[in-house]
Amino acid sequence: MTRELFVQEMNRQLKLVRTEYGFTQETMANVLGLSKKTLVEIEKGRSSLGWMGAAAFASIFSGSQVLAGVWGGEPSDMIQALAFREPPRFPKTMGGKVWWRTVEERSGFRIQQNILSQHYRALDAEDGRVCSSFDLEQIRTCLDTLQKEGT
């Protein structure tokens with residue numbers, strides 16, 4: 001997954017989310033800080049939200065069932081995985097009971113993969129997310145680094 005692909009998918013979902021919330025184009029444009037003309041152009045595929053607009057859209061509508069169905073839950077993990085080259089400290093998760101499958105366990109950490117978006121994350125023993133990426137090897141490297149620092 002790249003930022004460009006994320007943006008393209010968010011562009012495609014814009015009208016569906018607007019409909020899900022029962023918003024007119026005018027209301028949706030105001031919520032997103034766009035002109036109605038720009039919103040119409042995006043919905044018709046002639047313009048784009050861009051990275052910042054797509055990230056804002058996903059954040060504002062994080063409770064959308066449409067977006068949950070596309071990304072396998074709330075999309076903040078994906079936004080962060082796409083945004084950061086070096087993973088930040090993430091807040092505690094709910095442990096991945098719905099949209100995640102555990103692919104590996106090692107030294108008190110779990111590596112999980114989102115069943116829809118296919119991105120990975122590593123959780124500590126308290127379900128705190130320590131890194132997130134679309135590259136499984138990057139997650140393993142992150143955990144190797146944490147384990148070396150902990151010794």
For residues [X] and [Y], determine if any side-chain heavy atom of one lies less than 4.5 Å from a side-chain heavy atom of the other.
X	Y	value
V17	M28	yes
S62	L67	no
V31	F57	no
I111	L136	yes
S133	H119	no
W100	L123	no
W99	W71	no

Under the 3.5 angstrom rule, does the side chain of [X] hit a backbone N or O of [Y] as a donor-acceptor pair?
X	Y	answer
S48	G50	yes
R18	F23	yes
T38	L34	no
E20	Q65	yes
R101	N114	no
Q113	Q118	yes
N11	L49	yes

Original post:
Can you check whether F134 and Y120 have ring centres sitting under 6.0 Å from each other?
Top reply: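 No, the ring of F134 stays outside the 6.0 Å limit from the ring of Y120, centre to centre.
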
Subject >> salt bridge (Lys or Arg N to Asp or Glu O under 4.0 Å) between R140 and D135, worked out >> reply: CA-CA 9 Å; R140 288 178 176 143; D135 181 356; over 6 Å; no

**OP:** Answer yes if I115 and V70 sit in the same cluster of Ile, Leu, Val, Met, Phe, Trp and Tyr residues linked by side chain heavy atoms under 4.5 Å apart, and no otherwise.
**Re:**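 Each belongs to a different hydrophobic cluster.
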
Original post:
Side-chain heavy atoms under 4.5 angstrom apart, residues restricted to Ile, Leu, Val, Met, Phe, Trp, Tyr: same cluster for V66 and I60?
Top reply: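 Looking at the clustering, I60 is in the same group as V66.
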
Subject >> Check: Q25/E43 side-chain N/O donor and acceptor closer than 3.5 Å >> reply: yes

**OP:** May I ask you to check whether Q13 and E9 show a side-chain donor-acceptor distance below 3.5 Å?
**Re:** yes

**OP:** State whether R110 and D127 are salt-bridged, where the test is any N-O pair (Lys NZ or Arg NE/NH1/NH2 against Asp/Glu carboxylate O) under 4.0 Å.
**Re:**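 Judged by the 4.0 Å cut-off on N to carboxylate O distance, R110 and D127 do form a salt bridge.
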
Subject >> Considering all heavy atoms, the nearest R3-L82 contact >> reply: NE-O, 3.2 Å

Subject >> Smallest separation among heavy atoms of L116 and G69, with atom names >> reply: CD1-O, 3.1 Å

For the atom pair [atom1] ([X]) and [atom2] ([Y]), what is the distance rounded to the nearest 0.5 Å?
X	Y	atom1	atom2	value
S132	I139	OG	CD1	6.0 Å
T2	L5	OG1	CG	3.5 Å
L146	F109	CG	CZ	5.0 Å
I42	L32	CD1	CG	8.0 Å
S47	K37	OG	NZ	10.0 Å

**OP:** Go through the steps to decide whether Y21 and T27 satisfy the test side chain to side chain contact (heavy atoms under 4.5 Å, CB included), and finish with yes or no.
**Re:** CA-CA 10 Å; Y21 278 74; T27 300; over 6 Å; no

